[in-house]
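Here the structure comes first, spelled out in structure tokens, and everything after it is commentary.
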Number of protein chains: 2
Amino acid sequence: MPAAAVELSDDETLEFGELMRSPGFLLRLAQVQSFDLFFDRLAKHGLKPGEFTVLWVIGLNPGLRQGVAARKLRIKPAHMTKLVQRMVTGGYVERTVPDTDRRSVRLQLTQKGEAFVAKHRAAFLEFHEAERLDLSEDEFDTLMRLLAKLTGIEGRET
Amino acid sequence: MPAAAVELSDDETLEFGELMRSPGFLLRLAQVQSFDLFFDRLAKHGLKPGEFTVLWVIGLNPGLRQGVAARKLRIKPAHMTKLVQRMVTGGYVERTVPDTDRRSVRLQLTQKGEAFVAKHRAAFLEFHEAERLDLSEDEFDTLMRLLAKLTGIEGRET
DNA sequence: AGAAATTAGTTTACAGGGAAATGTTTTCCG
DNA sequence: CGGAAAACATTTCCCTGTAAACTAATTTCT
């Protein structure tokens, strides 16, 4: 073998090159990490990120149309159907078909659903803090703002 | 019906509440969006984000150990095995089991693999720009920096 | 009004990725 | 040295989420 073995990455340090400028790549990494953390912290409460998010949003927007929720939360309609079915079966959500447009479905929390959200609200909010990892408060705010802008999301008021 | 119908979200505007401060939520939204854009732009080149990323990284780190790649790219070992198998079958990647440690597997691109990466490099880099959407250059840089910090990633030099 | 097109949600059939168990090879340590 | 434990990758099985086709209701066009 020649004198200098090819710059071999036998250690744990990797060259990423332009990947470090790739939003898609970094976003995926960050999201997977955040997901793992979520399970570490909240799985014991019986929370799954998608399901709890949907309950949360229905709670804040009673009478929400199922399709609107799917679009805004970027959940595919087919999947949303299953999610909602599970939540209805579990007794957390109620479906209503309004007379004005009988194609659509409106969602609202049952009392059990309200109670569930209320019960886990604190753990959920606290988790946001954990996710900051070692970002300063400013950095965290900036990150939230940029992600919101990137996704074109806009909540009402706060 | 009573005078003021419950604050009904029959329109398309949604209240997210504290979700707007949830990294996990915003990261997922951003990542799904980025993914969709990737397919819009690059599916015609036959590129899938995961696969191309792996090829890219192997190209930059010849002799990379499969397990290290899995850890760094946050791909589960089981999935990495399948990915690599496909790429070996396709003739893009070569696997070598070194004599010094016959448990491990080292990866490198074949000529075909090199050619493939070279061919699509431009489209891939250009895509990063598209992903900026309407972020300014400063905002984009900041976002990349914060995501890198959040994930604790570090490439060698730039 | 009545056919055509659009919108909403569901069903079915399938692919992608994950957890757990397995088969090897290597390291640790008495 | 030799057996236990660890490291690495693969295989098997399962679950989540997706695409595509479908049913039902509503709107549009003439």
Side-chain angles (χ1 to χ4, degrees), chain A residues 9-12 28-29 31-40 43 46-54 58 63-90 93-107, chain B residues 9-12 24 28-29 31-33 35-36 38-40 43 46-54 58 63-90 93-108:
Chain A
S9 44
D10 29 22
D11 63 299
E12 295 273 327
R28 176 178 163 282
L29 244 50
Q31 207 237 316
V32 170
Q33 169 169 311
S34 155
F35 225 72
D36 288 349
L37 192 61
F38 191 97
F39 283 117
D40 284 354
L47 298 186
K48 297 190 187 180
E51 296 179 355
F52 191 72
T53 298
V54 170
I58 296 174
L64 177 65
R65 283 220 348 258
Q66 181 169 318
V68 173
R71 265 194 303 286
K72 292 294 186 176
L73 301 180
R74 297 270 198 166
I75 296 172
K76 291 286 181 295
H79 184 206
M80 183 59 90
T81 295
K82 291 183 191 174
L83 262 182
V84 170
Q85 277 171 349
R86 251 178 298 172
M87 299 193 301
V88 168
T89 303
V93 169
E94 219 169 35
R95 298 171 30 123
T96 319
V97 174
D99 272 356
T100 53
D101 182 348
R102 309 216 348 220
R103 293 169 302 183
S104 63
V105 173
R106 291 189 175 271
L107 303 174
Chain B
S9 44
D10 31 23
D11 62 299
E12 295 273 326
R28 175 179 165 282
L29 244 48
Q31 207 237 318
V32 170
Q33 170 169 308
F35 226 71
D36 288 350
F38 191 97
F39 283 118
D40 284 354
L47 299 186
K48 297 190 189 180
E51 296 179 355
F52 192 72
T53 298
V54 170
I58 296 175
L64 177 66
R65 281 214 354 252
Q66 181 169 318
V68 173
R71 266 195 301 287
K72 292 294 185 176
L73 300 180
R74 297 270 197 165
I75 296 173
K76 290 288 180 295
H79 183 208
M80 182 59 90
T81 295
K82 293 181 193 173
L83 260 181
V84 171
Q85 278 171 348
R86 251 178 299 171
M87 300 194 301
V88 169
T89 303
V93 168
E94 220 168 34
R95 298 169 32 121
T96 319
V97 174
D99 273 355
T100 53
D101 183 348
R102 311 223 344 247
R103 291 169 304 182
S104 64
V105 174
R106 292 191 174 270
L107 305 173
Q108 55 191 10

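Protein chains get the first letters and strands the later ones, always in sequence-line order, with residue 1 at the start of each. Quick note: numbers below take in every heavy atom, side chains included, and nothing from hydrogens, waters or symmetry partners. Everything quoted here is computed from the prediction, not taken from an experiment.
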5'-most contact on DNA chain C (nearest-nucleotide basis), A:Met80 vs A:Arg28, goes to A:Met80
Whole Å only: how far is the CZ atom of B:Phe39 from the P atom of C:dA15? 15 Å
What's the spacing between A:Ile58 CD1 and A:Glu94 CD if we round to 0.5 Å? 11.0 Å
To check you understand the geometry: which heavy-atom pair defines the closest contact between B:Pro98 and B:Thr96, and what is its length? CD-O, 3.4 Å
Length of the line joining A:Gln66:CD and C:dG9:C1', which is rounded to integer Å: 7 Å
For A:Arg95 and C:dA8, is the shortest distance between a side-chain N/O and OP1 or OP2 below 4.0 Å? no
Straight-line distance of B:Arg65 CZ to B:Lys72 NZ, nearest 0.5 Å: 11.5 Å
Starting at atom CD of B:Gln31, determine the distance to atom P of C:dG17, rounded to an integer number of angstrom. 11 Å
Does B:Arg28 reach the main-chain N or O of A:Phe35 with its side chain, forming a donor-acceptor pair under 3.5 Å? no
In whole angstroms, how far is the P atom of C:dT10 from the CZ atom of A:Arg102? 14 Å
Inter-end axis angle, the helix from C:dA1-D:dT30 to C:dG30-D:dC1, with every axis fitted to five base pairs (rounded, 10 degrees): 20°
Tell me: NZ of A:Lys72 to P of C:dA8, nearest whole Å? 13 Å
A:Leu64 and A:Ala69: which non-hydrogen atoms are nearest, and at how many Å? CD2-CB, 3.5 Å
Side chain to side chain contact (heavy atoms under 4.5 Å, CB included) for B:Val54 and B:Ile75? Distances and angles first, verdict last. CA-CA 10 Å; B:Val54 170; B:Ile75 296 173; 3.9 Å; yes
With side chain to side chain contact (heavy atoms under 4.5 Å, CB included) as the test, would you mind laying out the steps for A:Leu107 and A:Arg95 before giving the verdict? CA-CA 5 Å; A:Leu107 303 174; A:Arg95 298 171 30 123; 3.8 Å; yes
Side chain to side chain contact (heavy atoms under 4.5 Å, CB included) for B:Gln31 and A:Arg74? Distances and angles first, verdict last. CA-CA 10 Å; B:Gln31 207 237 318; A:Arg74 297 270 198 166; over 6 Å; no
For C:dT24, does OP1 or OP2 lie under 4.0 Å from any side-chain N or O of B:Arg103? no
Go through the steps for A:Gln33 and A:Asp36 under the test side chain to side chain contact (heavy atoms under 4.5 Å, CB included), then give the verdict. CA-CA 5 Å; A:Gln33 169 169 311; A:Asp36 288 349; 5.8 Å; no
If a protein heavy atom is under 4.0 Å from the base, mark B; if only from the sugar-phosphate, S; if neither, -; do that for nucleotides 11-20 of chain D going 5' to 3'. B----SBBB-
If I take atom CZ in residue A:Arg106 and atom P in nucleotide C:dT7, what distance separates them, rounded to the nearest angstrom? 17 Å
If the cut-off is 4.0 Å, is B:Arg65 near the phosphate of D:dC8, judged by side-chain N/O to OP1 or OP2? yes
